[in-house]
Amino acid sequence: MTRTTPELAPPSPNFRAKPTGGRLATTYDLACNRPHTRRIFSGIGFRTCDPPNGSSEKLNSHKHLLEGKSFSLYNEVYNQEKDVFEDSLQNNADLNLEENHVDESIKLQQNSNAYSFADEGIHPLQRAFCSCRNGKCVTEDRKEVCKCNPGYGYFTSSVCKACDCGPNQGCKWKSTGWFGSEQICFCNPGYLEDNGKCVVVPCTDESQCSDRQKCVGEEDGEKTCQCDDGLGGENCDKEEWCEDPGKFKNCKGQYGKCEYSKERRSVVCTCDNGKKFLPKRNICKTISCINESQCSERQKCVGEEIFKTCQCDDGLGGENCEIQVWCEDTGKFKNCKDEYGKCEYSKEKRSVACTCDNGKKLHPEENICKAVPCTEESQCNERQKCVGEEGEKTCQCDDGLGGENCEIQVWCEDPGKFKNCIDEYGKCEYSKEKRSVVCTCDNGKKFHPEENICKGKIQC
């Protein structure tokens, strides 16, 4: 019976051996019934043994052909994967590699491309250990991955190869088969790929750039689209100043929020709760105080006796406490609007509040203004009346009044009904008798119903 050597297969992910340049390792061949040699090329094994007596020369011819293929593959791969694999050959010397040898070869061929070359993704998964040539090992999602240095792209899962796309341009290498690979350029903003190189894209104004780019350059020279300050990446979608070692790498948590500002056309460190930006440290810090005179009009001096700081009044935010955060989508009074009240800052209360009108009351659980139900006017205050359909009556302010307790004469204010009923044109006031705000005339003047003011005797 003649045994033939199986087709050459790529290395198994479960068998790792450091390239030894053709070092011979001795094992025992059960078929040949004598020791034989195993030549190792970058994890690719080729077994030889003397053929039985009477074998044809064709077997030897196949053997030499496979040896030649192995050595060619070794020269191609060894230069890129030198020192990548562990020297685990000795740990496997006692294993019986004869059993299931053909099945293992088939599995190796099926898995070769995924193992030998990087995936389409940016960070392929690594082996149990991490080795990274022209890069560094980092932990992502609790796994060790190889991250290429700037200007390098993945050639294999643990080998980064220099890009040839232009200065400071990125790339990745894609497998085109056993012995080939092609470069795919990742051009920076303001550049486009042309015949494997990243070339500058000129512009004349910012309308030719994306919304995170600006057209910059010499006034009389060539201008190009470049990312706004602090941005990077292929589409200027990466906030580089927020990452280590970026300008605002420490602007996070209690020290601020690093983010892109479309208004400022730059990545910025946004401060909150009255904190101030420290330009030397690029972080936000609270301002120490002894009393409130050292704080702004929307701040208070709070804290322990010797550790007091200026902080925004309740419900306010922003570097100058100009933002009513309790009125925004996730704020305490986010629903206090329209018929449910008005969310606004109250200087008197030193807090953002939900202001109710027309006799409505603030619901403490829903944080909105709701009408008070009633069945008769005795259940309402003296400036309210019980109105509505039977079973759905509520207390509402008399005509022309407003506010939570109907204390505001809204018809007397701009743009109220009687806003011009003042001085010589009358007096705007609440009439308990008429249960309404009215324009009172004197000195024989008459009320003019169209202009809502008092005038001389009306001509008939």
Side-chain angles (χ1 to χ4, degrees), residues 10-14 16-19 42-43 76-88 111-176 180-191 193 196-198 212 226-253 258-260 267 282:
S12 168
N14 299 318
R16 301 188 294 272
K18 181 178 179 181
S42 189
E76 178 72 21
V77 178
Y78 178 75
N79 290 331
Q80 297 298 333
E81 296 195 346
K82 185 178 181 181
D83 297 328
V84 171
F85 302 110
E86 288 184 329
D87 190 358
S88 60
N111 296 329
S112 61
N113 284 344
Y115 184 76
S116 300
F117 297 92
D119 295 336
E120 292 295 321
I122 298 301
H123 300 310
L125 298 180
Q126 301 300 291
R127 305 168 180 85
F129 64 97
C130 178
S131 182
C132 192
R133 184 179 178 187
N134 296 323
K136 63 180 179 179
C137 290
V138 297
T139 303
E140 292 185 356
D141 296 330
R142 295 183 294 179
K143 294 175 183 175
E144 288 291 311
V145 297
C146 174
K147 188 173 183 180
C148 293
N149 292 332
Y152 285 77
Y154 288 106
F155 183 76
T156 72
S157 58
S158 55
V159 175
C160 302
K161 185 178 179 180
C163 300
D164 188 26
C165 299
N168 301 317
Q169 307 293 337
C171 75
K172 71 175 179 179
W173 296 87
K174 184 178 180 181
S175 170
T176 57
S181 61
E182 64 178 354
Q183 177 183 247
I184 300 176
C185 292
F186 292 143
C187 298
N188 293 328
Y191 292 80
E193 184 176 5
K197 296 287 185 179
C198 294
R212 286 191 164 199
Q226 296 184 20
C227 292
D228 288 340
D229 295 340
L231 295 178
E234 187 174 1
N235 299 308
C236 300
D237 53 354
K238 188 177 180 182
E239 297 173 345
E240 293 183 339
W241 280 3
C242 297
E243 301 176 357
D244 192 5
K247 182 178 181 179
F248 300 129
K249 64 179 180 180
N250 296 320
C251 179
K252 53 188 175 182
C258 183
E259 58 189 350
Y260 172 70
V267 172
N282 290 319

Fill in: Minimal non-hydrogen separation, Y154 against K147, with atom names
OH-CA, 3.4 Å
Worksheet item: Under the salt bridge (Lys or Arg N to Asp or Glu O under 4.0 Å) criterion, do R212 and D228 qualify, and how do the steps go?
Response: CA-CA 6 Å; R212 286 191 164 199; D228 288 340; over 6 Å; no
Worksheet, complete the sentence: Here the gap from C258 atom SG to N250 atom CG, rounded to the nearest 0.5 Å, amounts to 10.0 Å
Worksheet entry | CD on E259 to SG on C251, rounded to 0.5 Å | 8.5 Å
Response to the item:
Closest heavy-atom pair, C137 versus S131, reported as atoms and distance to 0.1 Å, is SG-N, 4.0 Å
Practice prompt. Return yes when the gap between the SG atoms of C236 and C227 is under 2.5 Å; return no otherwise.
Written response: yes
Discussion item. Once rounded to the nearest 0.5 Å, what's the spacing between atom CD of E240 and atom NZ of K249?
Written reply: 14.5 Å
Worksheet item: Between the side chain of N282 and the main-chain N/O of F248, is any donor-acceptor distance below 3.5 Å?
Response: no
Discussion item. Between Q183 and D164 (side chain of the first, backbone of the second, donor and acceptor by atom type, cut-off under 3.5 Å), is there such a pair?
Written reply: yes
Practice prompt. Identify the heavy atoms of G153 and W173 that sit nearest to each other, and give their distance.
Written response: O-CD1, 3.6 Å
Worksheet item: In terms of SG positions, are C146 and C130 separated by less than 2.5 Å?
Response: no
Discussion item. Applying side-chain hydrogen bond (donor to acceptor under 3.5 Å, both in side chains), can you list everything that pairs with Y152, at least two apart in sequence or on another chain?
Written reply: none
Worksheet item: When you look at NZ of K197, are more than 12 heavy atoms from neighbouring residues, nucleotides or ligands closer to it than 6.0 Å?
Response: yes
Worksheet item: What distance do D229 atom CG and Y260 atom OH have between them, rounded to the nearest 0.5 Å?
Response: 9.5 Å
Worksheet entry | Reported SG-to-CZ distance for the pair C160 and R133, which is rounded to 0.5 angstrom | 10.0 Å
Discussion item. Would the pair C171 and C163 meet an SG-SG distance criterion of under 2.5 Å?
Written reply: yes
Worksheet item: How far does NZ of K238 sit from CD of E243, to the nearest 0.5 angstrom?
Response: 4.5 Å
